[in-house]
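One structure is given here, and the rest of the page talks about it.
Just so we're clear, the structure is a prediction, and the values are computed from it rather than from any experiment. Just so you know, ligand 1 is whichever comes first in the structure, and atom 1 is the first atom listed for that ligand. In what follows, residues are counted from 1 in the order of the sequence shown.
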Amino acid sequence: MPQAEGARVQPETAARVEYELQLYYWMKLIRAFEDRVSRLHRQNKIMGGVYSGAGQEAICTGICAPLKDGDFVAPLHRDLGVFLVRGCDPARLMAQLMGKETGLSRGKDSFLHGGDMEHLIFGSTSMLGSSLPVAVGAALKFRMKREKNIAVAFFGEGASSRGDVHEAMNFAGVQKLPVLFVCENNRYAYSTPLEKQMAIDDVADRAEAYGFKGHVVSGNDLLAVLEVSERVIAHVRAGEGPALIECKTYRYRGHSEHDAALYRDQEELLEWQTRDPIPQYELFLEKKGHDLKHIREQIDERTHRVVQEAVDFAEQSPLPKPEEALEDLYAPNSGAVSKAK
Ligand SMILES: Cc1ncc(C[n+]2csc(CCOP(=O)(O)OP(=O)(O)O)c2C)c(N)n1
């Protein structure tokens, strides 16, 4: 990480400073990566749909930063940032987006369904909310094996109306499983506004009905997300049962790149852009005494380089070979069937 030149901080807080700058790097990397993907999509270089999370970077960053190795994460379709923060190689991620052989699923899928099991990231499915029961299953496995890991399931307020979401939360509540549910409430489920989605103000209120706590936080304020996530993740990891964090936020782009989002007001968009998570966090860094101009230059240079290298790698990678189309479709035979004979 670049050093915080000019930072008026004590030497003993160096690790914390490093962490704070890493958080800044992640948010900037997610923004730069996604903006480039939107441009690449217009150049017809991306395979499948692009669901930008621009404006929502503080959520992926603030929820994933306190996680540990071995924790299981089920992101939603807008959570490319989860992959970056959990350590997925940006070059392989870009190759996945371009449908190349070097991508996470070796060119067999778009980003939408591509997971990364090396980093325990479950590939989202098309059915909204259907990855929540999977995350709950992972949490049940952690409980049964007495492992100290947790599962995290992201979902939108639109998905929160689906039955799977309620079944998953109910089971998790009854079994007191180590699972954190994270609702990214960006006010629109495609074109459906919040008030046509639910009859209450906060998705978080539903947690109580399943026997655990719901927390509401500004999803555009990284420090606020972190404050809640660090505390709640510690609680879930300690075996005290599930929790729900609802992050209020807004997506800047349409539902996907083919959606001009004409159903929403430009004033509303502008209003939310004034609450952008990145300048908010920059203000914090500046107030702490960092030389923001210098840090921003260094981080911009770094994110630009990482994204450019990822694009170069993906563009130079081959498309998958037709004769490999039927490979990797099933898990390797563990021998369980022949043993049972
Ligand atoms: C069960 C189901 N219904 C509808 C769709 C079509 N669809 C895909 S994404 C989406 C909007 C999702 O909204 P939300 O869950 O709030 O997440 P967001 O896209 O806002 O991040 C819809 C309606 C779907 N994929 N699955």
Side-chain angles (χ1 to χ4, degrees), residues 30-31 33-34 37-38 41 46 48-64 73-85 109-115 121-135 152-169 181-207 214 216-220 225 244-265 268-269 272-273 275 277:
I30 300 168
R31 177 72 57 89
F33 198 100
E34 292 205 292
V37 170
S38 295
H41 183 264
I46 300 293
V50 168
Y51 305 84
S52 170
Q56 303 185 198
E57 296 85 352
I59 303 173
C60 294
T61 305
I63 299 290
C64 291
V73 184
L76 62 86
H77 48 277
R78 211 172 290 294
D79 288 334
L80 190 146
V82 165
F83 286 73
L84 294 171
V85 178
D109 212 331
S110 64
F111 166 72
L112 192 56
H113 306 129
I121 303 172
F122 183 67
S124 62
T125 58
S126 278
M127 288 296 288
L128 288 176
S130 61
S131 52
L132 271 74
V134 178
V152 181
F154 291 85
F155 63 106
E157 83 290 347
S160 77
S161 302
R162 284 256 309 135
D164 280 5
V165 172
H166 301 277
E167 290 169 32
M169 289 193 191
F181 300 104
V182 179
C183 178
E184 298 186 54
N185 183 348
N186 61 13
R187 310 187 66 82
Y188 290 91
Y190 206 139
S191 54
T192 305
L194 195 55
E195 59 276 13
K196 292 223 163 72
Q197 187 67 243
M198 44 197 259
I200 53 173
D201 289 334
D202 300 322
V203 173
D205 283 351
R206 295 184 179 158
V216 179
V217 68
S218 162
N220 284 29
V225 177
L244 167 59
I245 301 176
E246 177 184 3
C247 303
K248 308 280 193 189
T249 188
Y250 200 79
R251 63 166 154 76
Y252 291 162
R253 302 188 68 80
H255 167 68
S256 64
E257 292 300 304
H258 58 257
D259 169 30
L262 299 175
Y263 43 83
R264 65 184 191 186
D265 193 43
E268 183 184 86
L269 171 61
W272 276 91
Q273 280 173 329
R275 301 172 202 153

Is there at least one protein heavy-atom neighbour under 4.0 Å from atom 6 (C) of ligand 1? no
Determine whether the side chain, the backbone, both or neither of [X] has a heavy atom under 4.0 Å from any heavy atom of ligand 1.
{"X": "L76", "result": "side chain"}
{"X": "N186", "result": "side chain"}
{"X": "Y188", "result": "backbone"}
{"X": "S126", "result": "backbone"}

Answer yes or no: is there a donor N or O on one side and an acceptor on the other, between the side chain of R78 and the main chain of A54, under 3.5 Å? no
Heavy-atom donor-acceptor pair, E57 side chain to G55 backbone, under 3.5 Å: yes
I need the atoms of ligand 1 closer than 4.0 Å to a non-hydrogen atom of [X], numbered in the order shown.
{"X": "E157", "value": "16 (O)"}
{"X": "H255", "value": "9 (S), 10 (C), 11 (C), 19 (O)"}
{"X": "Y190", "value": "11 (C)"}
{"X": "R78", "value": "18 (P), 19 (O), 21 (O)"}
{"X": "G156", "value": "14 (P), 15 (O), 16 (O), 17 (O)"}

Check whether the side chains of [X] and [Y] place a donor and an acceptor atom closer than 3.5 Å, and report yes or no.
{"X": "S52", "Y": "E257", "answer": "no"}
{"X": "Y188", "Y": "E268", "answer": "yes"}
{"X": "H255", "Y": "S191", "answer": "no"}
{"X": "E184", "Y": "Q56", "answer": "yes"}

Would N220 and T249 count as a side chain to side chain donor-acceptor pair (under 3.5 Å) here? Give the steps. CA-CA 6 Å; N220 284 29; T249 188; 2.8 Å; yes
Quick check: are there more than 12 heavy atoms from other residues, nucleotides or ligands sitting under 6.0 Å from CZ of R275? yes
Return yes or no for this condition: an N or O of [X] is under 3.5 Å from an N or O of ligand 1.
{"X": "R162", "answer": "no"}
{"X": "R251", "answer": "no"}
{"X": "M127", "answer": "no"}
{"X": "G158", "answer": "yes"}

Return the closest protein heavy atom for atom 15 (O) of ligand 1 as residue, atom name and distance. A159 N, 2.9 Å
Atom 3 (N) of ligand 1 sits nearest the protein heavy atom L128 CD1, 4.1 Å
Can you find a pair of side-chain heavy atoms, one from F154 and one from C247, that are under 4.5 Å apart? no
4.0 Å heavy-atom contact, H77 with ligand 1: yes
Which atom of A58 lies closest to which atom of P277, heavy atoms considered: CB-CB, 3.8 Å
Got a second to check how far R187's CZ is from N185's CG, nearest 0.5 Å? 7.0 Å
